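These notes concern the structure reproduced below.
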Amino acid sequence: MSGMPLRAVDFPAVFPGPAPVHCGTHPDAASDLRLLAAVQHGLPLVPRPYAELGRQVGLSEAEVIERLERWLATGIVKRLGVVVRHRKLGYRANAMVVFDVPDALVGAVGARLAAFACVTLCYRRPRRGEAWPYNLFCMIHGRDRATVEAQVEALTLACGLEAMPRAVLFSRRCFKQRGAVYR
């Protein structure tokens, strides 16, 4: 059989990243796994969510916070964020607006777009040839389509993007919204 042996010693040299976790031998392994299993379903909607997680897995609030901070610092967990279910809140006109902005300007334009309250997400992505020439993406959530279209026009004028190719892609259905699941 050809290929590279996958041993714990070789892995970091090939794919630099966080230090390998040896759950089976780490003294906190069992409680780490319980905490990881609990947190991947989201924080409990209670006044002290870390204390509640701790109660569920047998840790103190301080231990939960310390472990989450350590996991974030070491890259075991990439980020903690909020999954907002816009449609349940009445925001049914959700549009991804994509622009083709010269590379020299994309950072400045993106920062300007992101400063608008109606923009909930703004990021740069590489173009994908002629079929997808867009490199700047921003998300706008609205209760109705006319409001979002007016916001797109206002953003376009305010940022001087009138001459730049763009597309407004309204979502038609909601797919699964959830955070990362660790196995």
Side-chain angles (χ1 to χ4, degrees), residues 15-18 36 38-53 64-182:
F15 302 102
L36 191 58
V39 79
Q40 69 186 341
H41 299 294
L43 295 177
L45 297 175
V46 296
R48 300 188 67 129
Y50 301 113
E52 175 57 25
L53 279 176
V64 168
I65 293 170
E66 182 275 324
R67 289 184 192 196
L68 292 174
E69 288 175 340
R70 180 169 23 105
W71 292 350
L72 286 166
T74 59
I76 292 171
V77 172
K78 298 288 184 195
R79 69 182 188 95
L80 293 177
V82 175
V83 176
V84 178
R85 291 179 170 79
H86 303 93
R87 288 176 184 262
K88 288 184 177 180
L89 295 172
Y91 291 85
R92 299 188 178 277
N94 306 305
M96 175 64 73
V97 186
V98 294
F99 296 93
D100 180 11
V101 177
D103 289 337
L105 301 175
V106 71
V109 172
R112 190 153 185 205
L113 282 172
F116 285 85
C118 64
V119 174
T120 57
L121 183 66
C122 186
Y123 55 93
R124 181 182 188 179
R125 286 272 170 96
R127 294 177 181 91
R128 300 291 181 204
E130 290 181 26
W132 189 257
Y134 308 107
N135 62 343
L136 185 60
F137 297 61
C138 69
M139 192 76 204
I140 299 174
H141 298 280
R143 293 185 186 275
D144 62 82
R145 194 178 183 108
T147 300
V148 171
E149 289 171 339
Q151 289 170 325
V152 170
E153 289 309 312
L155 291 172
T156 300
L157 290 172
C159 295
L161 297 170
E162 304 94 317
M164 313 260 174
R166 73 172 189 259
V168 181
L169 311 166
F170 280 94
S171 61
R172 290 188 273 176
R173 62 187 272 213
C174 181
F175 293 95
K176 185 185 294 185
Q177 290 180 293
R178 67 176 221 196
V181 175
Y182 301 91

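Computed from a prediction, not measured in an experiment: that's the story for all the values here. The chain is numbered in sequence order, starting from 1. Heavy-atom basis, side chains included; hydrogens, waters and symmetry copies ignored.
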Separation of C138 SG from L113 CG (nearest 0.5 Å): 5.0 Å
Considering all heavy atoms of both residues, which atom of P44 and which atom of E52 are nearest to each other, and what is their separation? CG-CG, 3.6 Å
First locate atom CZ of R67, then atom CD1 of I76, and finally report the distance between them rounded to the nearest 0.5 Å. 11.5 Å
Locate the shortest heavy-atom distance separating C122 from L136; write the atom from each residue and the value. SG-CD1, 4.1 Å
Pairwise salt bridge (charged side-chain N to carboxylate O under 4.0 Å, His left out) hits with a residue in residues 85-99, at least two apart: none
Using atom types as modelled and distance alone, determine if a side-chain donor or acceptor of N135 lies under 3.5 Å from a backbone N or O of R124. no
Which residues pass the ring pair (Phe, Tyr, Trp, His ring centres under 6.0 Å) test with F116, sequence neighbours left out? none
OH/Y50: more than 12 non-hydrogen atoms of other groups inside 6.0 Å: no
Apply side chain to side chain contact (heavy atoms under 4.5 Å, CB included) to P102 and list each qualifying residue two or more places apart in sequence or on a separate chain. L105, M164
Got L36 and W71 here, is their nearest side-chain heavy-atom distance under 4.5 Å? yes
Compare every heavy atom of A93 with every heavy atom of D144, then report the nearest pair and how far apart it is. C-CB, 3.3 Å
Output every pair passing side chain to side chain donor-acceptor pair (under 3.5 Å) with a member in residues 108-120, not counting sequence neighbours, ordered by first then second residue. T120-H141
Derivation of the side-chain contact (heavy atoms from CB on, under 4.5 Å) call for V98 and R166: CA-CA 5 Å; V98 294; R166 73 172 189 259; 5.9 Å; no
Taking only residues two or more places apart in sequence or in another chain, which ones pass ring pair (Phe, Tyr, Trp, His ring centres under 6.0 Å) with Y134? W132
Side chains of V119 and L155, heavy atoms from C-beta outward: is any pair under 4.5 Å? yes
With E130 via side chain to side chain contact (heavy atoms under 4.5 Å, CB included) - residues at least two apart: none
Please list, chain by chain and in numerical order, all residues satisfying side-chain hydrogen bond (donor to acceptor under 3.5 Å, both in side chains) with R48, sequence neighbours excluded. E61
Working to the nearest 0.5 Å, report the span between CD1 of I140 and CG of N94. 10.5 Å
Mind checking side chain to side chain contact (heavy atoms under 4.5 Å, CB included) for E149 and listing every partner two or more places apart, or none if nothing turns up? R145, F170
Tell me every residue that passes side-chain hydrogen bond (donor to acceptor under 3.5 Å, both in side chains) with Q151, counting only those two or more places apart in sequence or in another chain. none
Just how far is it from atom CG of L53 to atom NE2 of H41, taken to the nearest 0.5 Å? 11.0 Å
Set of residues satisfying side chain to side chain contact (heavy atoms under 4.5 Å, CB included) with respect to L89, sequence neighbours excluded: V84, Y91
Should L161 and V109 count as side-chain neighbours, where that means a heavy-atom distance under 4.5 Å? yes
List the residues meeting side-chain hydrogen bond (donor to acceptor under 3.5 Å, both in side chains) with R127, not counting sequence neighbours, and say none if there are none. D100, D103
Test of understanding: with side-chain hydrogen bond (donor to acceptor under 3.5 Å, both in side chains), list the residues that count as partners of E66, not counting sequence neighbours. R70
